[in-house]
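Have a look at the structure below before the remarks.
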Amino acid sequence: MPEHAATSATNSSSTPTTPAPTGRRAVKAVIPAAGLATRFLPATKAVPKELLPVVDRPVLQYIVEEAAAAGIGDVLLITGRGKTSMVDHFDRQPYLEQRLEEKGDAARLAAVRRPAELAEIYTCRQGEPLGLGHAVSYAESHVGDEPFAVLLGDEFGDPADPLLPPMLELQSRTGGIVLAFGEVPWEETKRYGIASVTEAESELTDLGEVVKVTGLVEKPDPADAPSNLAVLGRYILPGHIFDAIRRTGPGSGGEIQLTDAMATLLKEGTPVHAIVYRGTRYDTGMPLGYLQAVVQLACQNDDLGAEFRQWLGEFVGTFAGRST
Ligand code: G1P
């Protein structure tokens, strides 16, 4: 288990410098998962929102599967009180496995074993949820000075169109910060980190719709937003982000914001790039997005999909012409 990283907000004496590209790819991921999930109460009173099921597996398993598919086999979960069952999901269950083996239920046996086979899971406690930057600071002793990925636990994309591989490659080329952006309706800018951007260097554009970031602001009002390009919940960060977080005071919502720490590094010369993502994303952090994710993924499910789609079509038909 990693030790608790120092999280004081005092000034550091070390001077951050522009990183040189190392060619090394991030091999560890951090998943901040200590939040209280008040939007889902009472469902999340005793069950962490990360374990809410989307069709046949919890949200968190989709996220760890995404990391594993990108070659990341070391995952640090930043957890909080009452969330230990998240870790249990990635443990072996010998008794259950034995019963399934005896019954000859090979498919369920494989499904039960799969979470434990995806990655090495480490955990660390965030005593108080004081913001995303604060949560990420707990990863310092686990990841050290190496680049690492941060995957927010309430959103994920289409596995057929993965975001992490080009982001990891881009970060190994720049040595800086790599983000993913999605275009959002302007009235929603106050839910996200928002960026101003310019054209990226031509040698980076083979990796997708790559942009160079010139500014970052957390949750601006639409009137103040520099664009409608929102920071999605995937980040590849260099090890010196921890120093910047230490130098970051409370920002939007009174919290220690990762966006503010990244904005500091940007001003100090760290290259920041992003890939604009135009594929499907599932945002399970809000009840409506969660329900949409369940319906969309149920429609695509190999076992249930055909029957569910037929039922859904008929069910939706019963609403035709009704306004409420
Ligand atoms: C966090 C980040 C924000 C980012 C968002 C993506 O906000 O602070 O910059 O755009 O995740 O989901 P939160 O959703 O935790 O308020």
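Just follow the structure's listing: the first ligand is 1, and inside any ligand the first atom is 1. Remember, predicted model here, so these are calculated numbers, not experimental data.
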Going by ring pair (Phe, Tyr, Trp, His ring centres under 6.0 Å), name the residues that satisfy it together with Y62, two or more places apart in sequence or in a different chain. F156

State whether Y277 and R281 meet the cation-pi test: NZ (Lys) or CZ (Arg) under 6.0 Å from the six-membered ring centroid, and within 45° of the perpendicular axis. yes

When the side chains of residues 226-239 are checked against the rest of the protein, which donor-acceptor pairs come out under 3.5 Å, sequence neighbours left out?
| residue | atom | partner | partner atom | Å |
| --- | --- | --- | --- | --- |
| S227 | OG | A195 | O | 2.5 |
| S227 | OG | L229 | N | 2.9 |
| N228 | ND2 | V184 | O | 3.1 |
| R234 | NE | E66 | OE1 | 3.3 |
| R234 | NE | E66 | OE2 | 2.8 |
| R234 | NH1 | L152 | O | 3.2 |
| R234 | NH1 | E155 | O | 3.4 |
| R234 | NH2 | E66 | OE1 | 2.8 |
| R234 | NH2 | E155 | O | 2.6 |

T264 side chain to D260 main-chain N or O, any donor-acceptor pair under 3.5 Å? yes

What is the ring orientation for Y122 with H142, classed by angle as parallel under 30°, tilted 30 to 60°, or perpendicular over 60°? tilted

Using the side-chain contact (heavy atoms from CB on, under 4.5 Å) criterion, which residues pair with P162? Sequence neighbours excluded. P165

Contact residues of ligand 1 (heavy atom under 4.0 Å), by chain and number: L132, L152, E155, Y192, G193, E218, K219, V231, Y235, Q257, T259

